[in-house]
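Here is the structure we will look at, set down as C-alpha cells.
Note that ligands are numbered from 1 as they come in the structure, with each ligand's atoms numbered from 1 the same way. Just so we're clear, the structure is a prediction, and the values are computed from it rather than from any experiment.
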Amino acid sequence: MRKPLVGTGWKMNHGIAATEAYARRLLALLREDPADGLDIFVLPPFVSLSTAAREFAGSPVAIGGQTMHWDASGAWTGEISAPMLAEIGCRFVELAHSERLQHFGETYDLVRLKVDAALQGGLEPILCLGESAEDRRMGQSDSVLREQVTTALASVTAGMLPRVVLAYEPRWAIGVAEAAPPSYVAERHAGLRETLADCWGEPAATATRIIYGGSVSPANGAELIALENVDGLFIGRAAWTPEGFAAMIRIVAEAKQEADGSF
Ligand code: PGA
C-alpha cells in the first residue's frame, strides 16, 4: 500500500568532502545489508547536493533540498528554486521545518506557495507539521495540525496529494533526548489521516504517507514505525553518520518485512 519512507535531514552539516565519504560508506553498508521496498532519502546542505547526486546516482538513496523559494527565478538573494533543485537531481524538498519557522520567519501561508511551486517543479514536498509545547498543554495539538495542513495544502488537489509527504514533528520533541510517546504519536497521525480524508477524500488520504520525526533513535525507532499510520521515520542526529542511518534503515526494513509477513 503506502511505501515506507526513511530519511535524514542533515541540517547545516556535511560539506562536499564529508558528503562524499558519507555516501560511499552508506552505500557500502547497504550493499552488505540491502533494504528493499523502501524509499530512502538524504537532505544535504545545498552546496553538497551535486556531490550527493553524483555519489548516490543509480542507488536506492534519493536526495532532496532542505528548503526552497516559491519563485522559479528572480531577484531573491541567497535563495534556491524548485527548478534548480530538480535540475541538480533532487526528488524531494523539505518545507516548513520548525527551525525555518522559528529562526527565519517562515509561515504556513508562505509554505503554501512553496508547496505549489515544488509540485509544479516536479518535486515531492516533505511538509513538516508540528504543535508547540504550549499548543500541547492547551490540548490544541490536533486543531493546530489541521490548520497547518489545510493552510499549506490549500491549493493541492486530491490527485496531487499523494505526492506530498507529511512529516509530523512535534516542536517540543526535536533535538531533545526523547521522542514523543508512541501513544501520543499514534493519536496525532490518526488525526492527520482523518483531516486528509475530510478534505481530500478517503482514497487520497489512504495513499498519502505520514512520517514521524523528532529525536528518533535506534532505541525508539522500532516502536514508532510499528504504529498504525506511521509510514516512515525522519531522522536528524541519529542519522548524521552513515552507520547511524544504516541502523535506522534496517529498523524500517524489518518493520516492513514483519508487516508484509502478517498479511
Ligand atoms: P532530531 O532532528 O532527530 O535530531 O531530533 C529531527 C528533525 O529536526 O527533523
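Nearest protein neighbour of atom 3 (O) of ligand 1, counting heavy atoms only, is Gly236 N, 2.9 Å.
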Contacts table for residues 73-83: side-chain donor-acceptor under 3.5 angstrom, sequence neighbours left out:
residue : atom : partner : partner atom : Å
Trp76   : NE1  : Asp71   : OD2          : 3.1
Ser81   : OG   : Ala72   : O            : 3.0
Ser81   : OG   : Met84   : N            : 3.4

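Ligand 1 has Gly175 within reach: a non-hydrogen atom of the residue lies less than 4.0 Å from it.
Using modelled atom types, one side-chain atom of Thr195 and one backbone atom of Gly191 make a donor-acceptor pair closer than 3.5 Å.
Between Tyr22 and Phe245, the ring planes are tilted. Angles from 30° to 60° get that label. Taking the six-membered ring for Trp and thresholds of 30 and 60 degrees, Phe92 and Phe41 have ring planes inclined between 30 and 60 degrees apart.
When Lys11, Glu169, Glu178 are checked for heavy-atom proximity to atom 2 (O) of ligand 1, Lys11 turns out nearest.
Applying the 4.0 Å criterion to heavy atoms of His97 picks out, from ligand 1, the atoms 7 (C), 8 (O), 9 (O). Ligand-side atoms of ligand 1 in range of Arg237: 1 (P), 3 (O), 4 (O), 5 (O), range being under 4.0 angstrom from any heavy atom. Heavy-atom contacts of Ser215 reach the following atoms of ligand 1: 1 (P), 3 (O), 5 (O) (cutoff under 4.0 Å).
Phe46 has its side chain within reach of Thr67: a pair of non-hydrogen atoms, C-beta onward, lies under 4.5 Å apart.
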